[in-house]
S.K.: 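Attaching a single structure in structure tokens format; questions to follow.
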There are 4 protein chains.
Amino acid sequence: MSTARARVGRPRSEAARAAILHAVDDLLVEQGYAAMTLKGIAERAGVSRQTIYRWWSTKAEILFEASWTDAEEELNIETSATPLAEITAYLEALIRFLAHSPAGAAYRALVGEAQQDAEIAKLLASRDVLGESAQRVIKRALGDEISITLEEASAILVGPIFFPVLVGRELTGLDEARWAKRFLTQMQRDQPPAG
Amino acid sequence: MSTARARVGRPRSEAARAAILHAVDDLLVEQGYAAMTLKGIAERAGVSRQTIYRWWSTKAEILFEASWTDAEEELNIETSATPLAEITAYLEALIRFLAHSPAGAAYRALVGEAQQDAEIAKLLASRDVLGESAQRVIKRALGDEISITLEEASAILVGPIFFPVLVGRELTGLDEARWAKRFLTQMQRDQPPAG
Amino acid sequence: MSTARARVGRPRSEAARAAILHAVDDLLVEQGYAAMTLKGIAERAGVSRQTIYRWWSTKAEILFEASWTDAEEELNIETSATPLAEITAYLEALIRFLAHSPAGAAYRALVGEAQQDAEIAKLLASRDVLGESAQRVIKRALGDEISITLEEASAILVGPIFFPVLVGRELTGLDEARWAKRFLTQMQRDQPPAG
Amino acid sequence: MSTARARVGRPRSEAARAAILHAVDDLLVEQGYAAMTLKGIAERAGVSRQTIYRWWSTKAEILFEASWTDAEEELNIETSATPLAEITAYLEALIRFLAHSPAGAAYRALVGEAQQDAEIAKLLASRDVLGESAQRVIKRALGDEISITLEEASAILVGPIFFPVLVGRELTGLDEARWAKRFLTQMQRDQPPAG
DNA sequence: GGCTAATCGAGACGGTACGTCACGTCTTACT
DNA sequence: AGTAAGACGTGACGTACCGTCTCGATTAGCC
């Protein structure tokens, strides 16, 4: 039925959609999230403001759609031979993403907004690229040799990077391999509460 | 001359300053950071908007000043008998602060704003309540028995809590004592790169 | 050739046309002219906006077509035995139309728009229901016993009603028979400029 | 108390007020009422849109304030020696105002809007320049020698001019002196219903 | 019975004005 | 000089219609 409905009337302009998302991408890099305005996006995309409102209800929503794919890609690392190599590669990707990539800036901006806007918080929680990618990697690297939940494990892996970046601390001179080794050691020795 | 000049005219009203900070505190609890407006603060404080602008340049700055003391207090735990008790108490305080306290909400909002505003980022980095309190506790609990920098250690302690909270994940059923034990074990076994 | 061309293709839907005019009639009564919107008409009539634009170029044009017949009818009184009865009946009809009937509201709205829109002014002047009906009645009641133009006479008959209604004055307690008598007296005594 | 209140804070900018009213005057002549937009007025006056909204709630309200004084002036004729001269002069002024003056165009536009907007209707009825000026003149010219209400008399005087103008009829070749004489004759002969 | 062509519904599109909101600055009188 | 009050210019917000534009689906006359 929804497919039938979708065929009625003038179809949505794919060109407009793409132009908007590209404009958001560009403006994010050029001006940052805060300075980004719906009017600005519309003008940059050569699109009417109304068209944007028709499909998204928030600046954050557009940003999410515009940056999600990039984020997903940047955090999706290739399979490595050893768990150590795998985790190390992920940590490198994570730092590159969070601290240096435009998609990461978008992600941080969204996390920022989420602190004040429940709607955005929900959006972010529903498809948390960061947490999910970490869990994926951990599962791939360690399989069943893990005695805590994936959620906990991902927090332990991601948190120590996430926190200093968000708080504005410099991460220079960080040795990803050492962090990866520490993470693995901890995962193997960790025992469930009953142990 | 400038000192002489500074003493001329009506002195700054300390009452106004206090009223403003209290108003911010109250409004933060009642409406949250996003809904807080300078006009609202002024009206609540019974103060003119101009007076606010004279002493602070940003909403974030006022918020920082208004919530810093509370934050400091909430994160400053009493001395305990054992390192385990100490770290456990700190983790409890940390979660209470970050996830449930108004001052924590203010802190999260500031972290959020900092992602988009360099000025706020600088402000936040200059007196990072969270990181500093963690370092203080770690130093007190472990003294010299630590082979990594305090910065790293604090990231490892705080990050795994900070990340899920900021991302909107639920923290229900978290066992602080277990986390504290894991942290201590890790700190004691951790070896410097050369090890 | 153009006639041949015009006969090809799907013919105009008479049902749509009627639905539109009825929708305008209804909406005029329910919401008034100002609140009437092309989108609203289309939805009420179960017709696409484009279909309306295909056949009318202005909201006023539709309104004119939709209300003209009603107006004509309401202002077309039956023949009476005496001129006094005739004029009295007309005045009654005129007041009923202008001040109380939906068609009259439409007419007033059109007069209003005409003050600002030359196109509507032309439309209104081309088939002025009010003036024409008045002239018809005067001619029927007085025939040749009139020394001024019908236009002047109709202005004298209609104007003193038209003015207060348009200006929003109440007309309560108006004695139509007296006004009719006065009009007739005046018409009979009135002398051409040379008199 | 209200006087005391008015002295607090920055006083209303008389320059802005005048600029707005002048802009409305100008735009009315240049573009007409319909094409006049609040945005346009603001830009023309070199004033912010907000400032307009602060003091007026409707385009019509501004227009009313902007044109009322002019209208009052144009319809306020000097005293003449005879009633005939007086009425004749008034009719001349009335035609000049309604059919040719910018203030008259404003008045007609307001009458037009009033047909669709109760708020404007109220505004117009509350200070009806046209009706009041007519009543003033009639009273001055005839004093007590009048057997009907001033309202009725003014409708009889004004209506026959008002109607054709509003309906878009040409008034060329109208002999004001003849109309004035007719009006006076009628006023003197008119008898109350009981007579 | 297929072809051509105009109409119809639905609904997306670029525009543009609307009225509101908060901002940061200014101009008063008062203290 | 500092303060409360409050008006000012600025500029984004989200909404509402406007008139135009695609779509697929009808519905007629014509070959």
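In what follows, every chain begins at residue 1, and chains take the letters A, B, ... in the order their sequences are listed.
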S.K.: Think B:Thr51 has a side-chain N or O under 4.0 angstrom from the OP1 or OP2 of F:dA4?
M.R.: yes

S.K.: Identify whether any heavy atom of A:Ser13 sits under 4.0 Å from a base atom; if not, whether one sits that close to sugar-phosphate; answer base, sugar-phosphate or nothing.
M.R.: sugar-phosphate

S.K.: For D:Gly40 and for A:Ala16, locate the closest nucleotide of DNA chain E by heavy-atom distance; then report the residue assigned to the nucleotide nearer the 5' terminus.
M.R.: A:Ala16

S.K.: Looking at B:Arg49, does any N or O in its side chain come under 4.0 Å of the phosphate oxygens OP1/OP2 on E:dC23?
M.R.: no

S.K.: Anything under 3.5 Å between a donor and an acceptor, one on a side chain of residues 30-42 of chain A, the other on a protein residue two or more places apart or in another chain? List them.
M.R.:
| from | atom 1 | to | atom 2 | distance (Å) |
| --- | --- | --- | --- | --- |
| A:Glu30 | OE1 | A:Arg44 | NH1 | 3.2 |
| A:Glu30 | OE2 | A:Arg44 | NH2 | 2.6 |
| A:Tyr33 | OH | A:Glu113 | OE1 | 3.3 |
| A:Thr37 | OG1 | A:Lys39 | N | 3.4 |

S.K.: Ignoring backbone atoms, establish whether C:Arg54 has a side-chain N or O less than 4.0 Å from OP1 or OP2 of E:dC8.
M.R.: yes

S.K.: Return whichever of B:Gln50 or D:Val47 has its heavy-atom-nearest nucleotide of DNA chain F closer to the 5' end.
M.R.: B:Gln50

S.K.: Determine, step by step, whether B:Gln115 and A:Leu166 satisfy the side-chain contact (heavy atoms from CB on, under 4.5 Å) criterion, reporting the C-alpha distance in whole Å, the side-chain angles of both residues, the deciding distance to 0.1 Å, and the verdict.
M.R.: CA-CA 7 Å; B:Gln115 306 312 311; A:Leu166 270 275; 3.4 Å; yes

S.K.: Does B:Gly46 reach a base, just sugar-phosphate, or nothing at all? Heavy atoms under 4.0 Å.
M.R.: sugar-phosphate

S.K.: Specify the residue among A:Lys59 and D:Arg10 whose closest nucleotide of DNA chain F lies further upstream toward the 5′ end.
M.R.: D:Arg10

S.K.: Between B:Arg17 and B:Glu65 (salt bridge meaning N to carboxylate O under 4.0 Å), is one present in this structure?
M.R.: yes

S.K.: Does the side chain of D:Trp55 get closer than 4.0 angstrom to OP1 or OP2 of F:dC8 through an N or O atom?
M.R.: yes

S.K.: Return the residues of residues 26-38 of chain B meeting this criterion: a heavy atom under 4.0 Å from some atom of DNA chain E. Order them by number, or give none.
M.R.: B:Thr37, B:Leu38

